[in-house]
Each structure stands twice: as structure tokens, then as C-alpha cells.
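Just so it is clear, the structure is predicted and the values come from calculations on it, not from any experiment.
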Amino acid sequence: MNVLVLLAGILFLLMSLIGGKKGVRSFIAIFLNFGVIIVTLFFMNVPDINSVILTLAACVVISCINLFFINEVNKKTKTAFLSTIITTVILVIFITFITDKAMIQGFGEEETEEMGMYSFYIGIDFVKIAVSVIIMSTIGAITDAAMAISSPMREMYYHHPTISRKELFSFGLSIGRDILGTSTNTLFFAFFGAYLALLIWFKDLSYSIGEIVNSKIFSSEMITICCAAIGVTAVIPVTSWITAYFLVKNKENAKEL
């Protein structure tokens, strides 16, 4: 516990010194997001509640915290928020289909020994739980990518107010291409770094490459990585179009007035 407090103190000090007020808000946002996740987990244990709808509601709250609480309410955070929600809804439909077809819900055969003492009749749809896990794993990356595109597009429009909608959209896509490679690789190493012990476990079980690839645990992690990368990729054109549309629309409305 003392180590956790020490690390939290060091993190707060660094974020305060480097990020100023926004760094302090970012530090507070970590605990707010953690609180949202804990509350979501409690409600997921209620069989009558749709876990996918609950996760979408949690993603809306998390997006509001990460965008509006940290960066305040302005044009760039509004467009980033709208882009995040649209992309997340599209991704939910896609993930629901993929999860059902891939049959990655539930537990793998490697976990049967540990789970053997528990009852599996808990009244919860594991397909929806799998969808919720993937969505919750991708919301942070989607929000980050949306903000990374919306902010420089707003600055470009501010310094070049005569820019056309098409040029502004192309500028957003150009930024998206620059961050796409690093964002997808960050997701890849974040997931695999967290599940490095899983690969060691497979080695101890003397699994072949084919058995590893076809394992439910490994497949679920790879699908999560791919879905997260798809979400980050999809949010780039969505954010670019929405930001370009609203910025230029405001200029056109001002001219009409």
C-alpha cells in the first residue's frame, strides 16, 4: 500500500509540474474513470441489465471525463466526443457479430481446472460480456485518437480561416495517417505486455503454434487487439469529416448573417 501511495504521489507531482492545471485534472480523471469502471462492474452482475447498453453508457461517461473534464467544453472536444460516440456505436455492432461468430465468449479449456469448483449457471450472457470487455478496452484509444485529430484541425482552421472543407478534411486524414502506426502498435504491445504470462503458460503446456493460435484465450486477445485497431482506424475519417463539417459550417453561417 505504501508503494502505491508513493507511486501515485510521484505521478501526481510529475503531472502537476509538466501538465499544470490540465495535468492535475488528468490525474483526477484517472480515479474518476476507475470509479466508473467499478460501478459498471457492479451493475453487470445484475442479470436483467443489458451489459452492452451499460458499457455504452459507461463509455459516454468516460468520454465526457477524458474530453470535457480534462480539456473543457469547446469546439474540438465536442467534435471529438461526437466522433467517439459514433465510432463506438458502429464498433459495437461489428464486435457483436464477430464475437458471436468467433465463439470467444466464456472460458477456455485451460481454465476449467481453476473454474471447476464454481457454478456456471449465473444468468449472464457471456457473448455480451465479451463485447463489453472489448469495447471497454478500446474506448481510451478511440477517444485519444479523436482528440489528437480534432485539436490540430481546430488550430489549422484558426490560423487559416479561409481553408475549404475538403482541404481541412484532407489535413485531418494526413494527421490520422501519422498517428495510426504508433497508435496501433501501442495497442498491440499494451495487450501483449499484459498477457506475457499467458505466452509463458502456453510454453509450459508445450503448445504448438497451431494450438496457440486456435486457443480461445489467445484468439480473444487477438480479436480485442484487432477490434481496437479497427476502432482507432475508423475514428480517423469520422473525426476528420465531422470536425471539417462543423468548423466550415460555422464560417458559412457567419457569412450568411
Roughly how far, to the nearest 0.5 Å, is the [atom2] atom of [Y] from the [atom1] atom of [X]?
X      : Y      : atom1 : atom2 : value
Leu32  : Ile28  : CG    : CD1   : 7.0 Å
Phe246 : Arg165 : CZ    : CZ    : 10.0 Å
Asn33  : Met136 : CG    : CE    : 9.5 Å
Phe43  : Ile53  : CZ    : CD1   : 15.5 Å
Thr55  : Ile37  : OG1   : CD1   : 10.5 Å
Ile18  : Leu13  : CD1   : CG    : 9.0 Å

Does [X] belong to the same Ile/Leu/Val/Met/Phe/Trp/Tyr cluster as [Y], with side-chain heavy atoms less than 4.5 Å apart forming each link?
X      : Y      : result
Ile65  : Phe31  : yes
Ile85  : Ile62  : no
Leu82  : Phe169 : yes
Val238 : Tyr245 : yes
Val248 : Ile163 : yes

Would a distance-only check, ignoring hydrogens and angles, find a side-chain to backbone donor-acceptor pair under 3.5 Å from [X] to [Y]?
X      : Y      : result
Ser151 : Met147 : no
Arg25  : Phe69  : yes
Thr79  : Lys76  : yes
Ser132 : Ser51  : yes
Thr138 : Ile135 : yes

For [X] versus [Y], what's the shortest heavy-atom pair and its separation?
X      : Y      : value
Phe68  : Lys78  : CE2-N, 4.0 Å
Ile175 : Ala148 : CG2-O, 3.8 Å
Leu67  : Ala80  : CD1-C, 3.9 Å
Val235 : Thr239 : O-OG1, 2.7 Å
Thr233 : Pro237 : O-CD, 3.1 Å
Asn50  : Val52  : OD1-N, 2.9 Å

Going by heavy atoms in the side chains, are [X] and [Y] under 4.5 Å from each other?
X      : Y      : result
Phe81  : Val60  : yes
Met15  : Val24  : no
Met44  : Ile49  : no
Ile179 : Ile149 : yes
Ile242 : Ile86  : yes
Thr77  : Glu72  : no
Ile93  : Phe97  : no
Met153 : Leu168 : yes

Inset, instruction - For the pair Ser26 and Ile30, evaluate side chain to side chain contact (heavy atoms under 4.5 Å, CB included) and give the outcome as yes or no after the intermediate values. - result: CA-CA 7 Å; Ser26 299; Ile30 295 175; over 6 Å; no
Inset, instruction - Could you verify whether a donor N or O on one side chain and an acceptor N or O on the other, from Ser63 and Thr84, lie under 3.5 Å apart? - result: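 The criterion, which ignores hydrogens and geometry beyond distance, is not satisfied for Thr84 and Ser63.
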Inset, instruction - State which residues pass ring pair (Phe, Tyr, Trp, His ring centres under 6.0 Å) with Phe12; sequence neighbours excluded, sorted by chain then number. - result: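 Scan of Phe12 (ring pair (Phe, Tyr, Trp, His ring centres under 6.0 Å), adjacent residues dropped) gives Phe27.
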Inset, instruction - Please assess Ile230 against Leu91 for the test side chain to side chain contact (heavy atoms under 4.5 Å, CB included), listing each intermediate value before the final yes or no. - result: CA-CA 8 Å; Ile230 290 172; Leu91 200 61; 4.2 Å; yes
Legend entry - Contacts of type side-chain contact (heavy atoms from CB on, under 4.5 Å), residue Ala141, not counting sequence neighbours: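 Expected list: Leu187, Val232.
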Inset, instruction - Check each of His160, Glu167, Lys166 against Ser164 using the side chain to side chain donor-acceptor pair (under 3.5 Å) test, and report the only one that passes. - result: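 With Ser164 as partner, side chain to side chain donor-acceptor pair (under 3.5 Å) holds for just one option, Glu167.
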